[in-house]
Amino acid sequence: MNGWTGQFLRVNLTTKTYKKEPFSEEFARKWIGGRGFAAKILFDELAPGIDPLGPDNKFIVALGPIAGIPAPNTGKAVVAGKSPSTGGYGDGNLGTRVAEQLRKAGYDVLIVEGRAAAPTMLYIEDDKVEFLPAEAVWGKGTYETNDWIYAKYGKGVGVLNIGQAGENLIRYAVVRSLEGRAGGRTGMGAVMGSKLLKAVVVKGTRPIPQADPAGMKKVGYDDLREVNRIDKKTGWSIQSTNGVLAWCNEVAALPVRNFRKTHHPDAWKCDGERLNNARIATYGCPNCTMRCGITIRDEEGRESELDYENVGLLGPNLEIFDLPPIGSLNYMCDDYGVDTMSGGCVLSFYADAVDHGAAPGDLRFGDSAGFKKLLTSIALRQGEIGDLLAEGSLRAARKFGHGSVDYAMQVKGLEVAAYNCKFIPGMALAFGVSPIGAHHKESWVITFELKQSVRESYGPEKAKKVIELQRIRGGLFESIVACRFPWIENGWSLENYPKYFKLVSGLDWTLDDFWTVADRVYAMIKLFWLREYPGADRKQDYPPAVWFDPTNVDTEGPIAGKHLEYDKYDVLLQHYYDLRGYDRRGIPTRATLERLGLAEEGRAAERFGSLT
Ligand code: PTT
Ligand code: SF4
């Protein structure tokens with residue numbers, strides 16, 4: 001089957017067995033790959049209500065038709081499972097050689113089941129699968145683990161690994177790869193840890209089936225050069241993702257002091273220009289000619305890779321503005337395998353709770369040494385507070401009480417990204433309706449609403465834009481599996497993707513065909529959530545309460561006196577549901593499911609909440 005290897009590799013850690021499973025072309029066309037494959041497999045194979053940290057959960061690595069093929073930014077993989085942080089569908093996307101190596105080994109998807117009896121490293125080389133002891137690195141950080149693996153197999157293999165956070169089942173533990181890549185902030189590192197799976201190592205030697213390999217090779221290499229030329233012209237990778245920090249500060253969208261403030265006079269100290277000045281090296285994902293991984297020296301002299309999310313949430317959000325201490329917190333997150341975004345929000349939530357007398361302790365904003373200590377106690381689950389905060393901000397807030405749930409900065413249990421939506425309704429909606437909990441990856445609508453000067457609006461045009469972006473970002477890029485940055489940051493045309501798709505699969509699709517699959521995948525994930533949270537409630541799609549709080553407004557600056565309004569947000573949410581063909585609870589209607597070819601899945605989910 002051109003475009004896909006046509007096989008899953010299913011591995012069971014309990015029985016130490018594995019099998020190759022063919023999938024049909026119909027399945028491939030219906031779900032494309034990546035998130036599409038993962039959502040369908042998890043819906044079909046997980047019994048509702050299972051413990052995400054128990055042996056019944058599955059850890060999935062899913063690739064798409066262009067993943068690993070030399071072409072712009074295809075060195076990416078989706079990691080997925082039932083999320084320990086939200087209890088719903090969870091996934092993440094990271095740069096890794098696994099994308100190419102797993103496909104060359106002959107598989108589009110790896111499904112890991114069960115639980116090993118002892119710490120294990122899975123080694124996959126074409127038809128061979130080995131269950132190897134990993135005691136030597138159990139308890140070690142991701143850097144040491146990576147080095148240990150490279151020393152055994154060389155640097156060309158694909159590696160996914162976890163640190164102590166994954167082993168200790170921190171609900172927002174990530175999976176790591178390469179020098180500075182991390183993904184699966186919905187707790188996929190903890191899913192690996194719960195299976196005693198320390199690492200996955202993959203080597204493949206076979207060609208990936210393609211309809212027109214010579215044509216794809218020519219177009220792929222030409223386009224890699226062209227993306228590099230455009231990037232040199234735009235200069236995007238000079239500041240990379242952190243180029244957005246100064247803008248967020250200017251438009252009052254920066255998270256400062258657990259999102260209580262939206263801008264700060266010292267923010268310039270950690271902006272993109274300062275980051276570029278402090279740069280000691282640049283890293284990137286495979287098949288990328290616009291590499292965005294900027295590293296600096298942290299306070300301890302270690303090399304730490306900083307993106308905007310890491311800087312925003314471990315910096316201004318904690319009222320820390322100097323890059324070296326931000327780099328230290330970031331390095332610790334990377335080494336322990338803690339998500340920097342949820343980690344940053346959990347640290348800021350705790351300092352805020354202490355400040356408001358809701359939690360015991362004396363930690364103050366700006367105390368970088370105190371935050372480092374707390375981060376260690378979270379990653380190692382030391383002490384009562386470390387152990388509680390390892391559960392995430394929502395669970396901790398429920399325990400602390402005193403109204404602290406209102407300022408736990410999360411949606412559905414997943415902490416928000418570094419965009420302060422105190423008065424940005426469309427971006428607040430994007431967080432609210434993201435299918436994995438608050439994440440900017442699905443719809444980064446903030447630039448549309450602020451640059452088009454429609455900040456005040458709660459109109460249907462914003463819901464429409466959120467859906468348009470979800471189809472591109474959460475649909476196309478997460479299913480075909482490639483990095484979205486060439487398109488977002490350097491204007492690389494979306495029309496290139498049907499072109500690549502045709503060269504690998506032979507199928508002549510338009511972007512509209514991809515949007516249909518994207519809508520199907522979003523509806524599928526909604527049904528997954530319905531089964532886990534029977535009945536459904538539109539309140540699940542609301543952003544944090546503090547953004548609606550009239551006592552929490554800015555007293556000066558561009559949004560002085562402004563806050564989100566409940567009634568208007570609810571109308572905006574309804575626009576979104578109407579445009580998607582969902583009912584008032586946010587569940588796809590029977591007609592929508594039928595249109596998307598999901599009638600059977602709808603019937604399977606119906607006993608958890610009636611369909612309209
Ligand atoms: C992603 C999330 C992000 S999104 C960032 S910074 W960003 C944080 N990075 C972390 C990190 O680093 N270390 C760590 N311990 N935790 C981290 N958590 C955070 O994880 C990432 C880039 C970035 S940098 C972004 S926006 C884009 N994301 C893409 C995406 O989601 N899909 C896609 N098809 N292409 C993307 N391209 C860009 O990739 P999650 P990476 Mg990450 C160190 O996975 O769970 O989705 O969370 O993948 O390879 O590191 O590249 O300003
Ligand atoms: Fe990776 Fe950055 Fe390149 Fe995207 S732009 S593939 S995240 S290095």
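Because the structure is a prediction, the values reported are computed rather than measured.
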With a 4.0 Å cut-off, would you call [X] and [Y] a salt bridge?
{"X": "Arg35", "Y": "Glu442", "answer": "yes"}
{"X": "Lys261", "Y": "Glu319", "answer": "yes"}
{"X": "Glu100", "Y": "Arg97", "answer": "no"}
{"X": "Asp298", "Y": "Lys372", "answer": "no"}

### Message
Can you tell me how the ring of Phe431 sits relative to the ring of Trp547, calling it parallel under 30°, perpendicular over 60° and tilted otherwise?
### Response
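Parallel: the ring planes of Phe431 and Trp547 meet at under 30°.
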### Query
Relative to each other, are the rings of Tyr419 and Tyr308 parallel, tilted or perpendicular (30° and 60° limits)?
tilted
#### Entry: Counterpart residues, side chain to side chain donor-acceptor pair (under 3.5 Å), relative to Arg455 (two or more places apart)
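Once residues adjacent in sequence are excluded, Arg455 has no partner under the side chain to side chain donor-acceptor pair (under 3.5 Å) criterion.
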### Message
Test side-chain contact (heavy atoms from CB on, under 4.5 Å) on Lys464 and Leu579; report intermediate values, then the result.
### Response
CA-CA 7 Å; Lys464 194 167 165 242; Leu579 287 164; 4.1 Å; yes
### Query
Think Arg176 forms a cation-pi with Tyr143, using NZ or CZ under 6.0 Å from the six-ring centre and within 45 degrees of its axis?
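So Arg176 does make the cation-pi contact.
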### Query
Taking only residues two or more places apart in sequence, or in another chain, which ones meet Asp512 in a side chain to side chain contact (heavy atoms under 4.5 Å, CB included)?
Thr510, Trp515
Only counting residues at least two apart or in another chain, list the ones meeting salt bridge (Lys or Arg N to Asp or Glu O under 4.0 Å) with [X].
{"X": "Asp271", "value": "Arg274"}
{"X": "Arg279", "value": "none"}
{"X": "Glu273", "value": "none"}
{"X": "Lys451", "value": "none"}

### Query
With a cut-off of 6.0 Å (strictly less than), are more than 12 heavy atoms of other residues, nucleotides or ligands near NZ of Lys502?
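Open: at most 12 neighbouring heavy atoms sit under 6.0 Å from NZ of Lys502.
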### Message
Does atom NZ (Lys40) have a neighbourhood of more than 12 heavy atoms from anything else shown, all under 6.0 Å?
### Response
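Counting neighbours around NZ of Lys40, more than 12 heavy atoms of other residues, nucleotides or ligands fall under 6.0 Å, so yes.
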### Task
Go through the steps to decide whether Arg229 and Glu226 satisfy the test salt bridge (charged side-chain N to carboxylate O under 4.0 Å, His left out), and finish with yes or no.
CA-CA 5 Å; Arg229 195 189 63 77; Glu226 183 59 9; 2.8 Å; yes
### Task
In sequence, state the C-alpha distance, the side-chain angles, and the governing distance for Arg302 and Asp334, and then conclude on salt bridge (charged side-chain N to carboxylate O under 4.0 Å, His left out).
CA-CA 12 Å; Arg302 301 165 301 200; Asp334 278 353; over 6 Å; no
